[in-house]
Structures are given as structure tokens and as C-alpha cells.
Amino acid sequence: MLKIKSPKDFWAGMMFAGVGLFFMIWAVVNYQMGSAVRMGPAYFPAVLGGLMAFLGLIVFAGSFAIEGPKVPTMHLRPLVMILVANIAYGYLMKPLGLVAATAVLVFISALGGHEFKWKEVTILYVVLIVFSVLVFVKGLTLPFPLWPDRFS
Amino acid sequence: MDIFSNLVLGFTVAVSPIHLLYAAIGVMLGTLIGVLPGVGPVATIAMLLPITFNLDPVAALIMLAGIYYGSQYGGSTTAILVNIPGEAASVVTCLDGYQMARQGRAGPALAVAALGSFFAGCVATLIIATVAPPLAELALKFGPSEYFSLMVFGLIAATVLAHGSLVKAIAMVVFGLLLGLIGTDVNSGVLRFTFGIPELSDGIGFVIVAMGMFGIAEIVCNLELKGDREVFTKKVTNLFPTREDFRRSWAPVLRGTALGSFLGILPGGGALLSSFGAYTVEKKLSKHPEQFGKGAIEGVAGPEAANNAGAQTSFIPMLTLGIPGNAVMALMIGALMIQGIAPGPQVMTEKPELFWGLIASMWIGNLMLVVLNLPLIGIWIKLLTVPYRFLYPSILVFMAIGVFSLSNNPWDVLVMAVFGLLGYICVKLECEPAPMILGFILGPLMEENLRRAMLLSRGDPSVFLTKPISGAFIVASVLLLLAVALPALRKKREQVFVEEAK
């Protein structure tokens, strides 16, 4: 059994090879190749995908030969909280309005930090929402709904 | 028109009160965000891009340039006072700047950084004004094969000069090129890689990718770090450098300016390479190399001048060729495209007021850095004491508003989150996101030029080698790759980065 000497390169190589192959195969199957003179929509992505897969394989193969650092531990909490907070903001903006969406963003993302104090975060939220409304909605006149639909 | 009348035109544009105001706002906002620990110029510009969308192109670009200088200076401030580099380029400033701060000489360090940068900025502005027009004229003669080869050269140079694994960096470039192809193919009208999602038919927004890869990923990474930072806030009392400081600084500033101006023009050069290079030069030339790393003012003056000169001359390939040399320039090109301007040599002839106005406002931006930032240094320092748990939700709010306002579509925010995840994974796997952004911007352009060149040559790929300019770019790219692949040189390259990063 081969031993993985460089886990970072192992996973990076897998990622590159996987993504490259995906782009290449998807392009070849779904779009026209054309010829070198008249390149079809598949030509460039297929070549690039192949190149990327090849580079990925080099990195992948190298991970068995060259010593490298471990992949640092992934801390899921900040990652998940930040991503969820952003996505929720995006999808709540239209139905609930800026005031509620910003609250969701601030409170969920604050949960991703090291410490969470209701009072602090609430003050931060109030400052941010007042600032957002004054600068972005009143000042730059961005067309954001402030409140949920049925109230306005 | 000669340089003089061009500069006059530029200054009449730049000193109009409204543009002065935008330059000032840009410099202030840039410093404000850039001073935050762990936030570099790329992230700063990505975060602030949306506020320039409503401006006219001249004002938008002037403001962005101001943001760039501001964020760089802000980064130096953080490097000196907190020992946290906002970006790779200010790693060097940390070495001696922070030591100076520990000795109670943060004031002189900050002042020398600002004055050195200002001097470098003045020189670099003149260099741009003289070099850019002939280069743009030359570039107007470029055909598709020359452009394609130039882009190949630019992308390869950018990866070779970046640190870390070369193969991974090239793979990231290709990844970016592929992502750039998502959307409608201009030639055939075919929807590529859209997977039936209507929002993808226009491709992925550049700003969204940049915000995710740099902004979101950076915040998540920062949240993982615990650890106290020691801020030298109370010790900044005497701002002014002594006569001795000036005596020791002027030569490094001159050398740094020269080195930075040159390296900045190279693709992949810019601020990072300039500051590393200048530090090494100063250490080699110094009579007291043992003082370096222990608070030598030369180690602040040289790299700071170089990094500002390099930051500025890296505008040259962007303005004249439409080719970004680094991630910041990729963002600038993205901003130009959003404003409906196709970057390239024709910008100078078709929009002289934009071109020369920007150059003039570079100088004004540098002046503002000195005039505004030195007196305001106390405020920036206060900002450093604000805990990160207040800062990052605020940054997120501004980013989310910015992204949502692009098209009032939640989809954009979702894509930003996806790229945030990708950026985070890339950081963990030591794959640098900057080459990817370059590829992303150049993807469609490269395909377009490749297609045209091959059509003109009737499918004969040798055209890239037989045309002199194009051939020279290809040969240069191959030489660069070979140079890095050679074991002896590779060791040297790794050594340089390892040594300096310590």
C-alpha cells in the first residue's frame, strides 16, 4: 500500500483532477468540438479541462513521493455559521426586508465567533442597521425593502 | 500631444472637486478597511467594489485607485503596530516595523513608510506617464496571436513569481480560466456549463467570486485563529523621524523606488515581489545587516517605497494592454468591464480623460495619504483596538449588501457563499486563490483570441511561434517555466520565500 506523504497535495491533486475531468467530459459530451480552424464551444474547455486534470495528477502522484504538511483541522463552526448567515440573508431579503435579514446575518455570523454575548451583538446590530439604512437605502438609494411585504 | 499636455488634461480631470472628493473617500475607506488585521488590498477592494457601481467610470476608477493605496498604507500600519500582515507584501514591513514599534519608535516607522511611499508614488506616476503611451501604441498593433501569447506569458509569469507550488498555481489558473468560460459562448450562442440555471447564462459575476474567495474565506480563516495580539497604541507619541532616521532612509527609498517601479511592470510582480526584493537588497547592502529584523529603519523605508512604486507601475500593463499583472489589477479590470469599458490599448486614445485623469489622481491619492493619514493616525490606531468579533459581522453586512445590490437576486449571495467555501478549502490545501482570479478574468479573452488566431492561420498553431512578438512571448514563457523547473533554481526560489517569510 502506498503511503500518502503529503495530505495537502493528495487532496489538492484529487480536487484538480476531478474538476478538470468533469469540465472536459461535460464539454465533450454536451457541446460541439469543431476543428482547430473553427473551434466549437467544447474545444477550449476540453483542452483546459484535460490540462487541469493532468496537473492534478502530477500533484496527486507527488503526494506519495514528497513529504508535505498535514491538512490543518477544519473548524466547521465558523465556516457553517458564516455561510448560513450569508445565504439566509440573501433569501430572506425579499420576503422579510432589510431590517430582519440584517438581524439574521449579524446574529448567526456572531455565533461563529469565539464568544457570543446577546447584549453586545444586539448593540452591534442596531448600529449596523441604522448605518445601513442611512447610507445605503437613504444615501445611495439602493432599492431594498425595509420591512416584510405586508407591512409596507 | 506630449506628456506635459497629457498630464495637464489629467490634472484638470482629477482636481475637479467631485473627483477630489472621491479620491479622498477612496483613500479614507481603503485605509479604514485595510487597517483591519488580516484584510489585504485585494479583499478590501473586493468588499468596496459595489459602492463604485453607481459612479461614472472616471470617478469609479479614481476612487478604486484611492482605495488601493489607502488599503496598502493601512496594511503597513497594521504590520508595524500589530505584527499582522494584511497581505503578503507587508510581511516584510512586519519584520523591522514591528521591532521599531516595540522600541517605542512606531511613530517614525509610520512616518517613514508614508513619506517613502509618497516619494515612490511621485516617481512611479511620472514613469507611467512616460512609458504607457508608447506601450499602448505598440499594443494597438497586436493581433490575436500576439494577445494570446501575451496572456500565456502573463499568466505563467504570475504563477512563477507567486510563492508556493508552481504546479498547483498553474492548476489554479486553469481552474479560473474554466470558471470564466461558464455562461453563453459568444461565438456559437451555446450555453456552457450552466446546468439549466438561468442565472448562469451571463456567467458568474467577477465581484462575487472575488468577494467569496477573498472576503468570506478570509473571515472564516481569521475566526479560527485565537491568540492575543499586542497592539502598541499608547507608544505612538512622537511621529517625526529624527535627522538620523532621514539620513539612513533616503538611499533605501531611492533604491526601493527604482526596484519597485521595475518589478511592478512585470506580470505577477506588483507590490509583493517589490517589497521582498527591496528588503533583500537593503540587507545585502547595509553595513549593519545584523540590525535587520531588530528594528532597522532601512528595512521599513526600502520595502515600503518599493511596494508603493510596484503597486503603481503594475497599472501599466493593465492600462495599456488590458492584461492584469496581479489580483488587484484583475479587480480593476473587472471594475472597468462593469462600467462598460473594454480594457486595452484603445482606452488611452478613446478615453483620454479617463486614462490621464486616473494617472493624475494616482499622484493626488498619494498626496492625500500623507496629508490625511498622518494626522489621522490616532483614529486608525483606535480601530485596531476594536475586537474582531465586532468587525467581522460589520464586514459581512457590507459585503452582503454589496453583493445583493448587484442584481437584487439571492442567487448572487448563494454563489458568493459557494466561493467562500471553495476559497476556504483552497487555503487549507495551500492553493493560492490569486492566480485563479487572473485566470477567471482572462478566460473568455483568451478563448476569443485563440479562436481568431487559429481562424486567421487556417488552423496552423505554428503561427504563435513564427510571428516575432508572439514567438518572443512564448519563448519567454517556456524559459520562465524551465528556469523554475530546474532543481537548483527552484531551491533558491523556495529558499528566498522561506527565509523572508520567517
Side-chain angles (χ1 to χ4, degrees), chain A residues 8-9 11-12 15-16 19-20 23 26-27 30-32 35-41 43-45 48-49 51-52 55-56 58-59 62 69 71-72 74-75 78-79 82-83 85-87 89-91 93-94 102 105-106 109-110 112-115 120-121 124-125 128 132 136 140 142-144, chain B residues 51 54 165 167-168 170-172 174-175 177-178 181 185 187-188 190 192-193 216 219-220 223-224 226 388-390 392-394 396-401 403-405 408-414 416-417 420-421 424-426 428-431 443 446-447 450-451 454-455 457-461:
Chain A
K8 271 186 185 173
D9 285 355
W11 292 109
M15 176 176 84
F16 291 140
V19 174
F23 269 95
W26 188 273
N30 291 294
Y31 317 118
Q32 288 200 318
S35 63
V37 187
R38 288 186 189 281
M39 292 184 185
Y43 201 103
F44 199 50
L48 285 179
L51 176 64
M52 188 174 168
L55 293 169
I58 295 180
V59 177
V71 181
M74 305 247 180
H75 297 259
L79 180 69
I82 300 289
L83 296 187
N86 271 292
I87 297 169
Y89 178 87
Y91 284 90
M93 177 67 86
K94 273 180 190 161
T102 306
L105 175 65
V106 171
S109 66
H114 296 303
E115 50 183 313
E120 271 182 11
V121 183
L124 180 66
Y125 164 66
L128 283 174
S132 303
F136 293 103
L140 292 172
L142 296 178
F144 284 141
Chain B
I51 53 174
N54 294 335
S165 154
V167 184
K168 278 183 179 173
I170 298 180
M172 286 301 276
V174 179
F175 197 177
L177 288 171
L178 280 169
L181 297 181
D185 173 30
N187 272 36
S188 59
V190 172
R192 286 191 292 188
F193 308 108
I216 302 267
I219 287 178
V220 176
L223 282 179
E224 289 185 351
K226 244 178 200 168
Y388 197 65
R389 62 177 191 279
F390 297 134
Y392 80 86
S394 321
L396 281 175
V397 165
F398 299 136
M399 282 186 9
I401 288 187
V403 168
F404 194 84
S405 69
N408 281 325
N409 192 335
W411 167 259
D412 291 338
V413 188
L414 182 67
M416 177 173 78
L421 178 65
Y424 177 77
I425 293 172
C426 286
K428 290 286 166 185
L429 298 180
E430 249 177 283
C431 302
M446 248 183 133
E447 182 180 32
L450 175 68
R451 274 176 168 165
M454 292 298 272
L455 193 64
S457 75
R458 306 219 171 94
D460 179 13

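Values below: every heavy atom of this structure, side chains too, minus hydrogens, waters and symmetry copies.
- Taking the side chain as every heavy atom from C-beta outward, Glu224(B) and Pro72(A) never approach each other to under 4.5 Å.
- Chain B forms more heavy-atom pairs under 4.5 Å with one residue of Met93(A), Met39(A), Arg38(A) than with any other, namely Met39(A).
- In this structure, chain A has heavy atoms under 4.5 Å from both the backbone and the side chain of Ser405(B).
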* Asked: Does the side-chain contact (heavy atoms from CB on, under 4.5 Å) test come out yes or no for Tyr392(B) and Ile82(A), once each step is laid out?
  -> CA-CA 10 Å; Tyr392(B) 80 86; Ile82(A) 300 289; 3.8 Å; yes
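- Interface remark: Phe144(A) contributes side-chain atoms only to the contact with chain B (heavy atom separation under 4.5 Å).
- In this structure, the portions of Val397(B) lying under 4.5 Å from any heavy atom of chain A include both its backbone and its side chain.
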* Passes side-chain contact (heavy atoms from CB on, under 4.5 Å), Glu120(A) versus Phe390(B)? Steps please. -> CA-CA 8 Å; Glu120(A) 271 182 11; Phe390(B) 297 134; 3.7 Å; yes
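- Annotation for Glu430(B) and Pro69(A): closest pair OE1-CG, 3.6 Å, computed over non-hydrogen atoms.
- Of all heavy-atom pairs between Gly113(A) and Leu223(B), the closest is CA-CD2, 4.1 Å.
- The minimum heavy-atom distance linking Lys428(B) with Val71(A) is given by the pair O-CG1, 4.1 Å.
- Between Leu178(B) and Met52(A) there is a side-chain heavy-atom pair separated by less than 4.5 Å.
- Side-chain N or O atoms of Arg451(B) include one that pairs as donor or acceptor with a backbone N or O of Gly40(A) at under 3.5 Å.
- For chain B, no part of Ala85(A) is nearby; none of its heavy atoms comes within less than 4.5 Å.
- Proximity to chain B (any heavy atom under 4.5 Å) is restricted, for Thr102(A), to the side chain, taken from C-beta onward.
- Using a distance-only test at 3.5 Å, with no hydrogens or angles considered, no donor-acceptor pair links the side chain of Lys94(A) to the main chain of Asn409(B).
- For Phe175(B), there are no ring pair (Phe, Tyr, Trp, His ring centres under 6.0 Å) partners at least two apart in sequence or on another chain.
- A distance of 13.5 Å separates OG of Ser109(A) from CZ of Arg389(B), quoted to the nearest 0.5 Å.
- Aromatic rings from Tyr91(A) and Phe404(B) are positioned such that their centres are separated by 6.0 Å or more.
- For chain B, the nearby parts of Leu48(A) are the backbone and the side chain; heavy atoms of each come within less than 4.5 Å.
- Closest approach of Pro393(B) and Val106(A) over heavy atoms only: CB-CG1, 4.4 Å.
- Met446(B) is listed as a side-chain neighbour of Phe44(A), based on a closest heavy-atom distance under 4.5 Å.
- One distance of note links CH2 of Trp26(A) with CZ of Phe193(B); it measures 9.0 Å at 0.5 Å rounding.
- Here the closest heavy-atom approach between residue Asn86(A) and residue Ala400(B) is recorded as OD1-CB, 4.0 Å.
- Between chain A and the residues Leu177(B), Ile219(B), Ile170(B), Asn408(B), the most heavy-atom pairs under 4.5 angstrom are made by Asn408(B).
- With sequence neighbours excluded, the residues forming a salt bridge (Lys or Arg N to Asp or Glu O under 4.0 Å) with Asp9(A) are Lys168(B), listed by chain and number.
- Here the side chains of Leu421(B) and Leu83(A) are in contact, with some heavy-atom distance below 4.5 Å.
- No donor-acceptor pair closer than 3.5 Å links the side chain of Tyr424(B) to the backbone N or O of Met74(A).
- Only the side chain of Tyr31(A) has a heavy atom closer than 4.5 Å to any heavy atom of chain B.
- Panel note: side chain Tyr89(A), backbone Leu396(B); no donor-acceptor pair is recorded below 3.5 Å.
- Checking side-chain atoms of Arg192(B) against main-chain N and O of Pro41(A) turns up a donor-acceptor pair under 3.5 Å.
- Within the 4.5 Å cutoff, no side-chain heavy atoms of Cys431(B) are placed close to those of Lys8(A).
- For Met399(B), no part lies under 4.5 angstrom from a heavy atom of chain A.
- Among the candidates Leu105(A), Asn30(A), Ile87(A), Leu79(A), the residue making the largest number of heavy-atom pairs closer than 4.5 Å to chain B is Leu79(A).
- Heavy atoms from other residues, nucleotides or ligands lying under 6.0 Å from CD of Gln32(A) number 12 at most.
- Asn187(B) does not touch chain A: none of its heavy atoms, backbone or side chain, sits under 4.5 Å away.
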